[in-house]
Amino acid sequence: MLTIGKLAGLTSVSNDTLRYYEQEGLISPAGKSPAGYRLYDRDSARRIHFIKHAQQCGFTLAEIRDLLELRSRDKACCGDVRTRAIEKKLQIESKIRAMRAMSKALDQLIAECANEGQPVKECTIIAALERANGSKTVQ
């Protein structure tokens with residue numbers, strides 16, 4: 001059995017993060033020491049490594065909780081997990097497209113602002129952003 005500090009050291013996660021994971025239902029202590037300290041088993045370390053890897057793949061903690069629940073369901077299959085992975089990949093690709101559009105818009109604004117010594121009141125970037133904001137109707 002591992003104390004929270006030992007589990008944190010083993011998984012390179014802070015004690016606060018482990019407490020947060022516990023609050024979120026991602027891990028739970030296997031027991032308590034006679035002094036009342038939380039004790040975790042080796043499965044907790046495995047779950048934390050799973051959580052960290054899933055986060056690196058873009059999954060939120062809520063989605064990771066769902067994946068962990070799927071793992072424990074007898075009737076769940078690989079297709080259930082694959083579907084969630086495909087949905088996550090589509091979300092990420094959508095975000096990438098949106099970020100590329102933002103980058104392109106910034107490229108255009110930067111290119112139109114050729115005079116860096118110009119007073120900010122005459123800044124073409126500020127003017128363009130104000131025009132874009134003015135196109136929405138205020139209710």
Measuring only between side-chain heavy atoms, which start at C-beta, is [X] closer than 4.5 Å to [Y]?
X   : Y   : value
H49 : T11 : yes
E22 : R38 : yes
I64 : Q55 : yes
Y20 : L61 : yes
L70 : R84 : yes
I92 : E87 : no
F59 : D66 : no
L2  : S44 : no

What are the two closest heavy atoms between [X] and [Y], and how far apart are they?
X   : Y   : result
V13 : A8  : O-CB, 2.8 Å
N15 : G5  : OD1-CA, 3.8 Å
M1  : G31 : CE-N, 4.2 Å

List, by chain and number, the other hydrophobic cluster members for M99, where Ile, Leu, Val, Met, Phe, Trp and Tyr join if side-chain heavy atoms come within less than 4.5 Å, directly or indirectly.
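For the cluster that includes M99, the remaining residues are M102.
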Check step by step if side chain to side chain contact (heavy atoms under 4.5 Å, CB included) holds for S103 and L106.
CA-CA 5 Å; S103 178; L106 283 171; 5.7 Å; no
Heavy-atom neighbours of R19 CZ exceed 12 at 6.0 Å:
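It does: R19 CZ has more than 12 such atoms within range.
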Measuring from atom [atom1] of [X] to atom [atom2] of [Y], what distance do you get when rounded to the nearest 0.5 angstrom?
X    : Y    : atom1 : atom2 : result
L26  : L18  : CG    : CG    : 11.0 Å
I27  : Y40  : CD1   : OH    : 5.0 Å
L7   : S12  : CG    : OG    : 10.5 Å
E112 : C123 : CD    : SG    : 10.5 Å
D41  : S28  : CG    : OG    : 8.0 Å
S33  : L39  : OG    : CG    : 5.0 Å

How far apart are the C-alpha atoms of F50 and R71, what are their side-chain angles, what is the distance that settles it, and do they pass the side chain to side chain contact (heavy atoms under 4.5 Å, CB included) test?
CA-CA 11 Å; F50 179 92; R71 193 171 71 171; 3.9 Å; yes
Examine I51 and V81 and state if one hydrophobic cluster contains both, with Ile, Leu, Val, Met, Phe, Trp and Tyr joined whenever side-chain heavy atoms are less than 4.5 Å apart.
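Result: yes, single cluster for both.
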Could you list all the side-chain hydrogen bond (donor to acceptor under 3.5 Å, both in side chains) pairs where at least one residue sits in residues 56-65, not counting sequence neighbours?
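Qualifying pairs: E24-R65, T60-E63, E63-K88.
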Salt bridge (Lys or Arg N to Asp or Glu O under 4.0 Å): which pairs involve residues 93-111, sequence neighbours left out?
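Residue pairs with at least one partner in residues 93-111: K89-E93.
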